[in-house]
Amino acid sequence: MPAFNSLPGFRDFYPAEFAVRAYIMGVWREVARRYGFEEYDGPPLEPLELYIEKSGEEIVHQLYNFEDKGGRAVALRPEMTPTLARMVGARAAGMRKPIRWFSIPQLFRYERTQRGRLREHFQWNVDILGEEDILADAEVLAVALDALRLFGLGPNDVVARVSDRRLLERLLLHAGVPADQLPAAYAVIDKLGREEEARTREKLHKEVGLAPTTVDEVFGIFEHRDFESLARAYAGVQGVADELARLERYFEHLDAMGLGDFVVLDPTIVRGLAYYTGTVFEIFDRAGEFRAICGGGRYDNLLRAVSGVDLPALGFGMGDVVLGEILADRKLLPPLEPRLDYYIVTIGESERPLMLRVAKRLREAGNSVAYSLHPSGVGRQFKDADARGAERVIVLGPDEVAAGVAVLREMRTGEERRIPLDELTP
RNA sequence: GUGGGCGUAGCUCAGUCGGUUAGAGCGCCAGGUUGUGGCCCUGGAGGUCGCCGGUUCGAAUCCGGUCGCUCACCCCA
């Protein structure tokens, strides 16, 4: 038994696990690049106030927070958006809009671990700041969906459920929910689908203070799951027609990007975070086996709250834990074995200086090269080459050196040929 | 915070109506094979059976406690 283990909810990344992590992050970076996003990062430790300001005191219970030696209340970042808002807010005046940034921070939260939830994870954050047009909303969702496509997940595997808090606000007000009870109502509605309807009804009544008839009205909203139905029922309500029209454009944009099959309208999606103000979405596996893969939306007021700069913004977070589980479950992780371009086998110790010169030359040309670090039998060296995934083996022995050549073996086919030594050495 | 399940080799697990020295497969190391990998054969290293205590002539096995992992609930960025 080892004397120490990693802390609960924290992962060791042995090479096999690190290869998965690197693959996932590689796809994230590639898709961000394709959409023209720039990478940034911030401090993993931030002032505790940065999170309390936005989400309330109770969030402290899920934070890794402590007082530093200078007496500051600090916290390990539980999410990236406040840091982003702080950074952009500080320099917003001089930055060309819209700002398209992404980051892959490691985030922390102190919670009981369970499937898909650890105490740390890496989360791909993609955000657009300084753009009000609904095309920005579609663009952000497209980035998330395109990444999932590149991982090999199609519209039969995953679905983005989309809604808009502005629309829901109009509908809830119409149903009779008091304006000052909207945040509480959002919090309860966010649970729909995760708990029984009777319980949600009870909470709306007892915790939000809605009359039973109002609760019925609220549930009436969620019986409509498409534009036509919503429009028929509520088009006459103040503002609803405009909100529906904007959401329809959102869907049209995604359709034009070839992503229409991934997206459905779902008025019950509100997201747990308090700061969302417009479109909101969550991406799930269609089978419903896993937690949400990705969630995001528009938060037009957060920058003003954090930095005093008024800048519309939106974005999403996609974690590596749930995504990794789904990719493993669907067998979509590519082979991630170690590999080498060359392995150099020597017959005797006298060839080792030549071996090192050859390796230097090959490495300078960009190849990965390895060899035994101690004298060893030829058979053993070949075993080592095979185990390390060498594509080619170069054999250096007295016969070859005397003839001024080396043997080059293609490990996949077993084909061997002799090549002049001066093609391998400076 | 609540409840269920599980802790035996690096990994996956067997072994538990208490009974010599705790096993297998895979992996690892080495040899068979100082000039050619995968397959095969042989050998080896590697365990305080999670920990503490109790019952007993005797505990991996039974009992109590504890820690850890895990699943679900709660919560959820």
Side-chain angles (χ1 to χ4, degrees), chain A residues 1-12 14 16 46 50-52 54-56 58-64 75-84 105-121 123 125 187-188 190-191 194-196 199 270-276 280 282 289 291-292 294-297 299 302 315-319 321-322 340 343-351 372 374-401 406-416:
Chain A
M1 266 314 124
F4 292 102
N5 295 312
S6 63
L7 287 167
F10 286 79
R11 295 170 288 176
D12 290 328
Y14 287 85
E46 289 272 23
L50 183 61
Y51 305 109
I52 292 176
K54 170 188 64 68
S55 310
E58 73 283 355
I59 208 81
V60 173
H61 297 303
Q62 293 168 349
L63 283 173
Y64 273 96
L76 287 171
R77 60 187 175 195
E79 58 165 333
M80 196 59 175
T81 308
T83 297
L84 170 68
Q106 189 173 22
L107 305 178
F108 307 88
R109 62 193 163 204
Y110 193 86
E111 277 197 301
R112 192 73 164 263
T113 59
Q114 54 190 294
R115 182 170 170 80
R117 277 182 94 83
L118 305 173
R119 287 180 175 178
E120 54 79 21
H121 70 147
Q123 191 187 65
N125 276 249
V188 174
D190 185 49
K191 303 285 184 297
R194 293 204 290 268
E195 66 186 16
E196 291 179 15
R199 176 145 187 201
V270 295
R271 306 279 297 144
L273 275 174
Y275 54 64
Y276 287 113
V280 284
E282 293 183 347
E289 291 174 54
R291 292 168 180 280
C294 176
Y299 49 95
L302 183 64
F316 69 80
M318 182 186 292
V321 177
V322 174
L340 287 169
Y343 190 102
I344 305 177
V345 168
T346 54
I347 306 302
E349 279 192 64
S350 56
E351 286 89 33
S372 175
H374 58 267
S376 167
V378 172
R380 189 146 303 279
Q381 290 182 69
F382 267 91
K383 275 197 215 304
D384 198 37
D386 184 57
R388 296 183 193 284
E391 301 280 341
R392 288 168 288 276
V393 165
I394 290 169
V395 181
L396 300 175
D399 302 346
E400 289 84 358
V401 173
V407 169
L408 179 68
R409 179 182 179 89
E410 295 287 343
M411 292 296 274
R412 209 179 301 274
T413 63
E415 175 204 349
E416 281 188 4

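Any value given below was found using the heavy atoms of this structure, including those in side chains, with hydrogens, waters and symmetry copies removed. What you see is a predicted model, and the numbers here were worked out from it, not measured in a lab. Chain letters run A, B, ... following the sequence lines, proteins first, then strands; residues in each count from 1.
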Checking all strands, does [X] fall into the base, sugar-phosphate, or nothing category for heavy-atom contacts under 4.0 angstrom?
X	answer
V395(A)	base
D384(A)	nothing
T113(A)	sugar-phosphate
E111(A)	base
G414(A)	base
P375(A)	nothing
E349(A)	nothing
G377(A)	nothing

Nucleotide of G38(B), U34(B), A30(B) approaching R380(A) most closely (side-chain heavy atoms): A30(B)

Given U36(B), C73(B), G32(B), identify the nucleotide with an atom nearest to the side chain of Q114(A). C73(B)

Only pairs with both distances under 3.5 Å count, Watson-Crick or wobble alike; so what is the partner of A24(B) in this structure? U12(B)

Record whether the side chain of Q381(A) comes under 3.5 Å of the base of G35(B) through a donor-acceptor pair of N or O atoms. no

Test the R119(A)-Y110(A) pair against the cation-pi criterion, namely NZ or CZ under 6.0 angstrom from the six-membered ring centroid and within 45° of the ring axis. yes

